Each structure stands twice: as structure tokens, then as C-alpha cells.
Number of protein chains: 2
Amino acid sequence: MSTPPISRRARPAKAPLSRDVIVRTGLDILDRDGLDALTMRRVAKELDTGPASLYVYVANRDDLMAAMLDEALGRVPLTADGTWRDQIHALANATVEAMSRHEGLATVALGAIPTSDNALLVLDRMLALLKEGGLDDTTAAWAVDLIYLHLAAAAAEESAYTTKGGEEDDTIAAADRRYASLDPRRYPMITSLRQALFSPGDRDAWGLNVLINGILHTPAG
Amino acid sequence: MSTPPISRRARPAKAPLSRDVIVRTGLDILDRDGLDALTMRRVAKELDTGPASLYVYVANRDDLMAAMLDEALGRVPLTADGTWRDQIHALANATVEAMSRHEGLATVALGAIPTSDNALLVLDRMLALLKEGGLDDTTAAWAVDLIYLHLAAAAAEESAYTTKGGEEDDTIAAADRRYASLDPRRYPMITSLRQALFSPGDRDAWGLNVLINGILHTPAG
DNA sequence: CGTTTGACACGAACAGCGTTCGCTCCGTAC
DNA sequence: GTACGGAGCGAACGCTGTTCGTGTCAAACG
């Protein structure tokens, strides 16, 4: 329309398309404008092309999001210092952060058995740490499943709270108000434990410790 | 189009619209044809009306899905026999089944602090059982959070496997093949523990026991 | 009894979506 | 020098959620 025949040489250079730049552009858009903005059209526009061009490198939107999750997981540091417990905590924290940092990616992790390169690297590292903790093969295998599921869920939850509309505090305050207005006859425990339900503290670390302690006390099979 | 002026009296009776029938119709469609089929237009068509009519009773699609989740959770039996541990297992199983039975509903639960009537009833019951187990207030409060998160995640995972395209076994078999083809130098643990990773067994019950045992061994705060 | 009101219903439209088709272009291989 | 094949992409298809304005009908009111 605006560039009839000189189209190509008129524009400066235009970096060539590739799966990698598409995936990275997708992550940029996700971080900048959220999940709703992550459309094929938007990614294409950011790369100065049309949506059809993306389909050479990406099968569909789901494929793109899976690749974006893998890219995000690729930035997780796989090594840390300390005991195997410390190292699991470090690995878990980094994984949750990598997932929850980009809205909607954790949900992708929850929807499929991990098979992408970087997800498997995280799993492999986690398995090594669990074996270091003295678990037998089956328990370690089931444990890594359970922990990965927990991390994805924790990331999804965190991502939802920090992204959705207003601030995270607003969401919690609204829930607190809701709980405060409940009928104590119908919801006796919630109303009487309301203070404890919203008490502050490092729930992430506690949750992971629960899992680890539970795993150590619960042989599989 | 087909019923020009006699439109109303021509058709038999046409049950009146209401939030309840919309929600139940949504669940029917979800069960029958999956998440992709759950569109406002489809729900409207099933009720023999247009999509605009739904918005009198439902704020938007998200609101509809939240209501559907609540409706599904309303079918969870809140009482069971046995020790408090047995009862927690029964409650957990019923909750996971209620969520995973309808594709996509578990994801809704993961995206928000539970505030709907029936979700809170489940939580209240769970809190009572945890207190019965001898937990202090804070630990019980954090525990119910953690367990509910786990149940939603387990349901989301199960729902994804059993619904997506082909059969569940296909998904697992494909993952198994993928793991079998990995480079043992890059993924030493996964390749050496592959058999354990895919070993059968009641992982759901084990996972819940891990949580309970872990909670009993890990005071909060 | 006639009129007013207000909630419900809904046809039509808007803006946008993921994806596909088929044509053009260009670097490579013969 | 020509044939080929992959990359790029304009245009279109069939959807989507949601809104707007109009129609309709039953209850409330004078």
C-alpha cells in the first residue's frame, strides 16, 4: 500500500525472521502488555510483517507459548551453593520466578508433561538433588513430578495475582473483606481462623519444605 | 428468519432464562464438547436465544466460568466416614474429580483466591478436618491454602491429559518415547530413572499423603 | 381501565482473533 | 540460464466476546 515496488530496499535492514526472534518478541510483548496483547498479529506487527509469516517458524499460538515457556526456563540457573535442600530451594525459587514473571506461561506448564529441553534440564537437576537427599528411585521420580506440579501451580497463582487488573494487595484485601462478611454459622472455621488465613509469612518456602519433609516421610509405591 | 411474527407463541414453551440454567447449560456443553465449544454463542443457541440475552444474568465469559466452577464444587459431598485423614482423602478426591471432570474449570480455580460459596464450603470443611488433626491455627490456615492449590493443579493436569486430542495413554506414551531418546550425557538422571518416572501407582493418594505428612512435620510461621 | 414504566430479550453490528490459501519473490543448484 | 523450493505476505474465512438500540410484555400506578 505505502511502499509499492521499492518495498524491500526502501526500509533499512529488517532483521530476518527466525523462531528465536519470534519467541523472544513474544516474551517482550507478554512482559510489556500482558497475555491479552500476545496475539499473532501483535507479534507480527512488532516484527514489521504480517501474521502469516510467523507460521513458517511456529505451528500455532500454543506452539509459540510452549517455546516461550522453554525460553523462560532456559534462564533458570541450574547450580547453587549449600546443602541439597538449599539447592532445591534455590532451584525452585528460580523456576517459579521464571514462570510467574511472564503472565500465562505457568498455565502452559500445567497443561502438558514437560518435554522441552530446558524444562527437562530443570527436572534433571531436581532429580539429582533428590537422589542426593537419599531417596530411592521411585520416590525421587514421583517427587519430582509432584514438586514440578507445585511450582507450576504456585507460579500460576502468583502470576494471576500480580497481573490481574489492580494491585495484588487489592485482590487480597477484597478476599479478606469477603471472608469477614461470611456467616459464622455456615462457615465456622473460615470466620474463626480468618486472621490466620491472611497472616503474613514466607508461604512459598514453607510450602516447599512441606513437600520435602513429606516426601522424606512418605515412600512411594 | 424461520419464525417471522408468530415467534413466541409458535414455539412450545421455552424455559425462561436465568443465571442457573445458563450455568448448567455451560457445564453441559463443557462436558459434551469441550472447552473450545464453550462460547457465549453456543450457550445462547442451546437456550434458543442470542448471545446478547445472556449478559443480563452473566457479566462476561469469565464470570460464567467462575459460576460454573462454583456449581461443580457444589456437587462435592462434604462429609465422609473414617479418621480425619480418611475424610481429607475423600474430600480431596471428590474436589479433584469435580474440577477435572469439566475441562478448563480447574484453571479458573488457580487464577483467583476462592471466594465463591461452594469453594468456601470445601475450604471450611477441610479446615475443620485439619484442626481435628491437631494443627495450630496458622499451620492449618497455610495448609488449607497449600492443599487447595495442589488439588486445583492436580485437577488441571488431569483434565489436560484426559481431554487433549487423543487418549491419555497416547500423551504418556509420547512423553515416554521422548524421554527414551534423550542424550544421557545431557540428561543423566532422567534417562537413568526413566522407568521410575513412568512407573504406575496411585500418585494422587501418595501426593496428598506427602502433603499431610509434610504439614504435620512443618509448623508454619 | 388506560397508561406508564422498567426489566428482559435480542437482531445487528463492531473490532478483533487464529489460521489458511495462493501468489510473489529470491537465492541456490543444476 | 533455468528450474526449483522455501520464505514472505496480502487477503480472506469463519469465528470470537461484547455493546448498542430497539422491541416487547407484564406488572404498577393513576
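Proteins get letters first, then strands, A, B, ... in listed order; numbering begins at 1 in each. Keep in mind that this is a model prediction, so the values were computed, not measured.
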Give each protein N/O atom lying under 3.5 Å from an N/O atom of nucleotides 22-24 of chain C, with the pair distance.
none

Using only side-chain N and O atoms of [X], determine if any of them is under 4.0 Å from OP1 or OP2 of [N].
X: A:Thr49; N: D:dG8; result: no
X: A:Ser53; N: D:dC9; result: yes
X: A:Tyr55; N: C:dC21; result: no

Practice task
Could you tell me whether B:Arg32 and B:Glu46 have a side-chain N and a carboxylate O separated by less than 4.0 Å?
Solution key: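 Yes.
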Problem - Nucleotide nearest A:Arg41 (side chain, heavy atoms from C-beta), chosen from D:dA11, C:dT19, D:dT18 - result: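 Looking only at heavy atoms from C-beta outward on A:Arg41, the closest nucleotide is C:dT19.
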Handout entry: Selection from D:dG8, C:dG11, C:dC8 that lies nearest to any side-chain heavy atom of B:Val56
Key =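 Of the options given, the side chain of B:Val56 lies nearest C:dC8.
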Practice task
Using a 4.5 Å cut-off on heavy atoms from C-beta on, say whether the side chain of B:Met126 contacts that of B:Thr95.
Solution key: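 Result no, sub-4.5 Å side-chain heavy-atom pair not found.
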Practice task
May I ask you to test the B:Leu127-A:Leu197 pair for a side-chain heavy-atom distance under 4.5 Å?
Solution key: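 Yes, at least one pair of side-chain atoms sits under 4.5 Å.
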Exercise for the section: Rounded to the nearest angstrom, tell me the gap between atom CE in B:Met40 and atom P in C:dA9. Expected result: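 Taking atom P of C:dA9 as the reference, CE of B:Met40 is at 14 Å.
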Problem - Residues from residues 29-37 of chain B lying under 4.0 Å of DNA chain D - heavy atoms - result: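 Result for residues 29-37 of chain B: none.
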side-chain contact (heavy atoms from CB on, under 4.5 Å) with [X]: which residues, sequence neighbours excluded?
X: A:Glu158; result: A:Val96, A:Ser100, A:Thr162, A:Asp204
X: B:Ala180; result: B:Arg194
X: B:Arg185; result: B:Asp183

Exercise for the section: Report yes or no: does B:Asn93 contribute a side-chain atom to a donor-acceptor pair with the main-chain N or O of B:His89 at less than 3.5 Å? Expected result: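 Between the backbone of B:His89 and the side chain of B:Asn93 there is a qualifying donor-acceptor contact (under 3.5 Å).
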Exercise for the section: Looking at every strand, decide which applies to A:Thr39 at a 4.0 Å heavy-atom threshold: base, sugar-phosphate, or nothing. Expected result: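 Sugar-phosphate only.
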Exercise for the section: May I have all residue pairs that pass ring-ring contact (aromatic ring centres under 6.0 Å, His included) and include part of residues 173-196 of chain A, sequence neighbours excluded? Expected result: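 Applying ring-ring contact (aromatic ring centres under 6.0 Å, His included) to every pair that reaches into residues 173-196 of chain A, excluding sequence neighbours, yields A:Tyr179-A:Phe198.
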